[in-house]
Amino acid sequence: MTTRTDDVDHELVRAAAEVARTRCRGDNHTMAAAARARDGRIVTAVNAYHFTGGPCAELVLIGAAAAQGVYELETVVAVGDRDRGVVPPCGRCRQALLDYYPELRIIVGRGEGEGEGQGLRAVPVAELLPSTYVWADHQLDAE
């Protein structure tokens with residue numbers, strides 16, 4: 001599989017950075033995520049931190065997208081509050097994103113603030129999970 005790095009959606013990065021800057025407050029909401037829908041819309045979300053294991057911004061984003069009638073996402077990015085820049089998804093989010101959107105691209109890389117020109121790249125979600133486990137491939141067909 002070849003990784004394309006020339007197609008980073010900088011508008012999406014800016015949208016996530018804006019949500020992180022304006023909506024993330026305190027310890028409950030520290031990460032923002034933004035996704036580009038196949039129809040071009042941008043959906044955003046923030047995490048809901050809780051000591052019992054509250055959902056990451058990417059998982060909240062899956063539900064927020066569905067609530068808006070968006071079921072096909074092309075690209076996702078997460079940005080930390082306090083100008084931490086783009087943050088790659090955790091393992092749980094990588095697996096959930098792969099299972100929901102197998103063709104999804106994730107923007108990753110080290111960057112400051114909005115990350116414009118800071119070594120960002122968009123990679124297929126499957127490349128973030130070596131020896132990928134695809135949940136759907138292991139389900140028994142109900143007959």
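- Distance check: Glu74 CD to Arg105 CZ gives 10.0 Å after rounding to the nearest 0.5 Å.
- Considering only heavy atoms from C-beta on, Ile106 comes within 4.5 Å of Pro89 through its side chain.
- Across all their heavy atoms, Val60 and Ala45 have their closest contact at CG1-CB, 3.7 Å.
- Side-chain contact between Val108 and Arg121 is present, with at least one heavy-atom pair separated by less than 4.5 Å.
- Every residue was checked against the side-chain contact (heavy atoms from CB on, under 4.5 Å) condition with Pro102, not counting sequence neighbours, and none meets it.
- Taking both residues in full, the closest heavy atoms of Ala16 and Ala32 are given as O-CB, 3.5 Å, listed atom of the first, atom of the second, then distance.
- In this view, Arg92 and Cys56, Leu59, Cys90 satisfy the side-chain contact (heavy atoms from CB on, under 4.5 Å) rule, not counting sequence neighbours.
- Listed by chain and residue number, Glu18 satisfy the side chain to side chain donor-acceptor pair (under 3.5 Å) test with Arg21 (two or more places apart in sequence, or in another chain).
- Applying the 4.5 Å side-chain rule to ILVMFWY residues, one finds Val19 in the same cluster as Val46.
- If you take CG on Asp7 and NE2 on His10, they are separated by 9.5 Å, rounding to the nearest 0.5 Å.
- Atoms CZ and CG, from Arg94 and Leu129 in turn, are 6.5 Å apart once rounded to the nearest 0.5 Å.
- Listed here is the closest heavy atom pair of Ala37 and Val70: CB-CG1, 3.4 Å.
- Residue pairs satisfying the salt bridge (charged side-chain N to carboxylate O under 4.0 Å, His left out) criterion with at least one member in residues 63-73, sequence neighbours excluded, are listed as follows: Arg38-Glu72.
- Every pair passing side-chain hydrogen bond (donor to acceptor under 3.5 Å, both in side chains) that includes a residue from residues 43-52 is listed here, sequence neighbours excluded: Thr30-Asn47, His50-Thr52.
- The shortest non-hydrogen separation linking Thr22 to Arg25 is O-NH2, 3.4 Å.
- Between Ala15 and Ile42 the shortest heavy-atom distance is CB-CG2, 4.1 Å.
- Scored by the side-chain contact (heavy atoms from CB on, under 4.5 Å) test, Asp9 finds Glu11, Leu12, Arg36, Ile107 as partners (sequence neighbours excluded).
- Counting only heavy atoms from C-beta outward, the side chains of Val87 and Met31 approach each other to under 4.5 Å.
- Looking at heavy atoms from C-beta onward, Leu104 lies out of side-chain contact with Leu98 at the 4.5 angstrom threshold.
- With sequence neighbours left out, the side chain to side chain donor-acceptor pair (under 3.5 Å) criterion links Asp99 to Gln95.
- Using modelled atom types, no side-chain atom of Arg23 and backbone atom of Ala20 make a donor-acceptor pair closer than 3.5 Å.
- In this structure, CG in Leu97 is found 10.0 Å from OH in Tyr100, a value given to the nearest 0.5 Å.
- Here salt bridge (charged side-chain N to carboxylate O under 4.0 Å, His left out) pairs that include residues 46-69, with residues two or more places apart or in two chains, number zero.
- For CD of Gln68, the number of neighbouring non-hydrogen atoms (other residues, nucleotides, ligands) closer than 6.0 Å is greater than 12.
- Residues satisfying the side-chain contact (heavy atoms from CB on, under 4.5 Å) criterion with Ala35, sequence neighbours excluded, are Leu61, Leu73, Val76.
- Hydrophobic cluster membership for Tyr71: none, as no Ile, Leu, Val, Met, Phe, Trp or Tyr side chain comes under 4.5 Å of it.
- Listed by first and then second residue, the salt bridge (charged side-chain N to carboxylate O under 4.0 Å, His left out) pairs that reach into residues 39-54 are Asp39-Arg41, sequence neighbours excluded.
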